[in-house]
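Below is one structure, written out as C-alpha cells, with a few remarks after it.
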Amino acid sequence: LRSVVVGCGSALPARCVTNDELAETVETSDEWIVQRTGIRQRYLSDASETTSVLGTRAAQAALDDAGLDAADIDLVICATSTPDHTFPSTATQIQAGLGMTGGVAFDLQAVCAGFVYAVTTADKFLVTGSARRALVVGAETFSRLLDWEDRTTCVLFGDGAGAIVLEAREGEGTSADRGVLTASLRSDGRHREKLYVDGGPGSTGTTGHLRMTGKEVFRFAVGQVTDVIDDAFRASGTTADDLDWFVPHQANRRIIEASADKLGIARDKVVLTVDRHGNTSAASIPLALDVARRDGRIKNGDLVMIEAIGGGFTWGAALIRW
Ligand code: ACO
C-alpha cells in the first residue's frame, strides 16, 4: 500500500500585517527583516481565529479539494505547538468541527518539524492498513507565544493552517508510484536552550513566550539538516536531479537557499512562501504545498521533497510522488 495525496487545502487569518505596519509598534524596519529573513508580511489571528478554527478551515478545504466528506476520513493528525487548550487535543476539535464522529484523532508536537512528523506517522497507519484515509493538518497561532517586546523573534512568525488528505492505495512498490515514498526523522534533545518556550503547566503555569538564539538555530539548520534529506534520497533510489519541487519549512529565505545550494537543488525548484506567510511553524509546509499546487507548479506525478527542522531539535524529510 502507498499513502497517496488526494487533496490539499489551507487557511489564513483575515489580517495581513506588513513589515512597515509592524515597524509602527516594534523597533525594526522592512529593510532589516527582508534582508535577514526574506519575510515581507505575515497573517496574525484575532481572538476568534484559534488554532482549531484555522485547522478546521484548512481541513475542510482539503476535503473539498479531494471531493470527500468528513465521514470518509478515519484518521486525523494535527501537528501543532499552539493548541487552543492544553487538552483536549486540537485534532479532536477539528474532528468535531468537521462533523466527524468516527475514526481516531490526535495531536503531534514536533514544533516546526511537526508536519513532516505527522505525514510520516499517518503513512505508517495507512501502509499497515490501520486506517484508510487520513487528514494531516499543520495548524498554528504562534503570535500567541511571541514576546512582542523582543524584536529578534516577534518579526519572524505568523499564523495559519494547511492540510492534506492521504489515501491508502495499491502500489507497485517503485519510486514511480504515487504516494509517500520514504521519510526520515531525527531528534536531539540536547538543543533545548536554543529554541524553546519559557512556560507550561510544569514550569511557570503560564503559556510563556518563545525564546531563540537565532544564530545557533541558523547554523544547525544549514549544517545538520541535510542528513535526513540524504537518507530519504538514498532509501528511494532518487537524487536531487529527480526532484521536481523542494518544499522546505519556511523559516527564513537564507536558510532555505543555503540548504538547497548545499544539496545541489536548483533554485527554480524551491517553493518559497516565507515572504508572504512568515514562519508559521508546523503550518508552513502544507501552506506552501497548497500555494504551489493551486498556482499550477505541483502536478500529479511530480516528485516533491518536504523538509523541516524545529525546536528540540526535531527534524525530518519526506519524499512524496504527488
Ligand atoms: N529589527 C532591526 N534590528 C534587529 C532586529 C529587528 N527585528 N532584530 C535584531 N536586530 C539587530 C540586533 O539588535 C543586532 O544589532 P547590534 O549589532 O547593534 O547588536 C543586529 O540586528 C544583528 O542581530 P543578530 O541577531 O546578529 O542578527 P542575525 O544576522 O543573526 O539575524 C536572525 C537574526 C534573522 C534571527 C537569524 O539569526 C536567523 O535567521 N536565524 C534563524 C532563526 C530562525 O529562522 N528561526 C526560526 C525558528 S526555528 C525554525 O523554524 C526552525
Side-chain angles (χ1 to χ4, degrees), residues 1-12 49-85 87-110 114-140 160-171 177-181 183 247 280 282-291 293-294 298 300 304 306 318 320-322:
L1 289 169
R2 275 280 162 84
S3 311
V4 178
V5 181
V6 296
C8 189
S10 63
L12 289 163
E49 294 166 318
T50 64
T51 297
S52 70
V53 165
L54 293 171
T56 304
R57 277 174 47 203
Q60 186 62 57
L63 283 178
D64 293 346
D65 185 49
L68 294 170
D69 293 322
D72 297 319
I73 301 296
D74 53 4
L75 173 65
V76 180
I77 303 180
C78 180
T80 188
S81 303
T82 46
D84 297 8
H85 305 284
F87 73 80
S89 67
T90 303
T92 55
Q93 290 178 268
I94 291 173
Q95 192 189 18
L98 294 171
M100 274 174 74
T101 52
V104 52
F106 60 89
D107 283 1
L108 189 154
Q109 209 271 52
F115 189 74
V116 180
Y117 271 58
V119 166
T120 307
T121 305
D123 179 53
K124 307 296 181 211
F125 274 80
L126 295 175
V127 299
T128 54
S130 303
R132 279 184 43 239
R133 282 195 206 91
L135 257 170
V136 185
V137 186
E140 301 274 24
I164 61 172
V165 181
L166 290 174
E167 180 175 282
R169 291 190 182 168
E170 294 294 335
D177 284 347
R178 289 186 63 201
V180 177
L181 302 183
V247 188
T280 58
S284 88
I285 290 174
L287 272 163
L289 288 170
D290 198 39
V291 166
R293 216 200 40 113
R294 281 174 203 276
I298 297 180
N300 284 0
V304 179
I306 61 173
I320 302 169
R321 177 76 65 191
W322 197 268

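These numbers come from the heavy atoms of this one structure, side chains and all, not from hydrogens, waters or symmetry mates.
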Can you check whether [Y]'s main-chain N or O pairs, donor with acceptor, with [X]'s side chain at less than 3.5 Å?
X     : Y      : answer
Asp65 : Gly9   : no
Asp84 : Thr50  : no
Thr51 : Ala139 : no

Within this structure, what is the [atom1]-[atom2] distance for the pair [X] and [Y], rounded to the nearest 0.5 Å?
X      : Y      : atom1 : atom2 : value
Cys8   : Asp290 : SG    : CG    : 4.0 Å
Arg132 : Ile73  : CZ    : CD1   : 9.5 Å
Leu135 : Thr56  : CG    : OG1   : 10.0 Å
Leu98  : Leu63  : CG    : CG    : 6.0 Å
Leu108 : Thr90  : CG    : OG1   : 11.5 Å
Ile320 : Leu289 : CD1   : CG    : 6.5 Å

Nearest heavy-atom pair of [X] and [Y]: which atoms, and what distance?
X      : Y      : result
Ala122 : Leu75  : CA-CD2, 4.1 Å
Ile94  : Cys78  : CD1-SG, 3.9 Å
Ser10  : Leu287 : CB-CD2, 3.6 Å
Val116 : Ala318 : CG1-N, 4.2 Å
Val247 : Ala288 : CG1-CB, 3.7 Å
Phe115 : Val137 : CD1-C, 4.3 Å

Checking Arg178 now: which residues fulfil salt bridge (Lys or Arg N to Asp or Glu O under 4.0 Å) with it, not counting sequence neighbours?
none

Partner set under salt bridge (Lys or Arg N to Asp or Glu O under 4.0 Å) for Asp69, not counting sequence neighbours:
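Applying salt bridge (Lys or Arg N to Asp or Glu O under 4.0 Å) to Asp69 gives none.
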
Is there any side-chain hydrogen bond (donor to acceptor under 3.5 Å, both in side chains) pair reaching into residues 91-106, and which pairs are they, with sequence neighbours excluded?
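Every pair satisfying side-chain hydrogen bond (donor to acceptor under 3.5 Å, both in side chains) with a residue in residues 91-106: Ser89-Thr92.
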
Within residues 114-123 or reaching into it, pairs that qualify as side-chain hydrogen bond (donor to acceptor under 3.5 Å, both in side chains) - sequence neighbours excluded:
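Output for this query lists Ser3-Asp123.
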
For side-chain contact (heavy atoms from CB on, under 4.5 Å), just list the numbers for Glu170 and Leu1, CA-CA rounded to whole Å, side-chain angles, deciding distance to a tenth of an Å, and then say yes or no.
CA-CA 5 Å; Glu170 294 294 335; Leu1 289 169; 3.6 Å; yes

Does any non-hydrogen side-chain atom of Thr80 lie less than 4.5 Å from one of Gln109?
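No - every pair of side-chain heavy atoms lies 4.5 Å or more apart.
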
With sequence neighbours excluded, residues passing side chain to side chain contact (heavy atoms under 4.5 Å, CB included) with Ala79
Ala118, Ala282

Between Arg321 and Val4, does the side-chain contact (heavy atoms from CB on, under 4.5 Å) criterion hold? Intermediate values first, please.
CA-CA 8 Å; Arg321 177 76 65 191; Val4 178; over 6 Å; no

Say whether Thr82 and Glu140, considering side chains only, have a donor N or O and an acceptor N or O under 3.5 Å apart.
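Thr82 vs Glu140: donor-acceptor pair found between side chains.
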
Name every donor-acceptor pair, under 3.5 Å, that has one atom in a side chain of residues 160-168 and the other anywhere in the protein, sequence neighbours excluded.
residue, atom, partner, partner atom, Å
Glu167, OE1, Arg133, NE, 2.5
Glu167, OE2, Arg169, NE, 2.8
Glu167, OE2, Arg169, NH2, 3.2

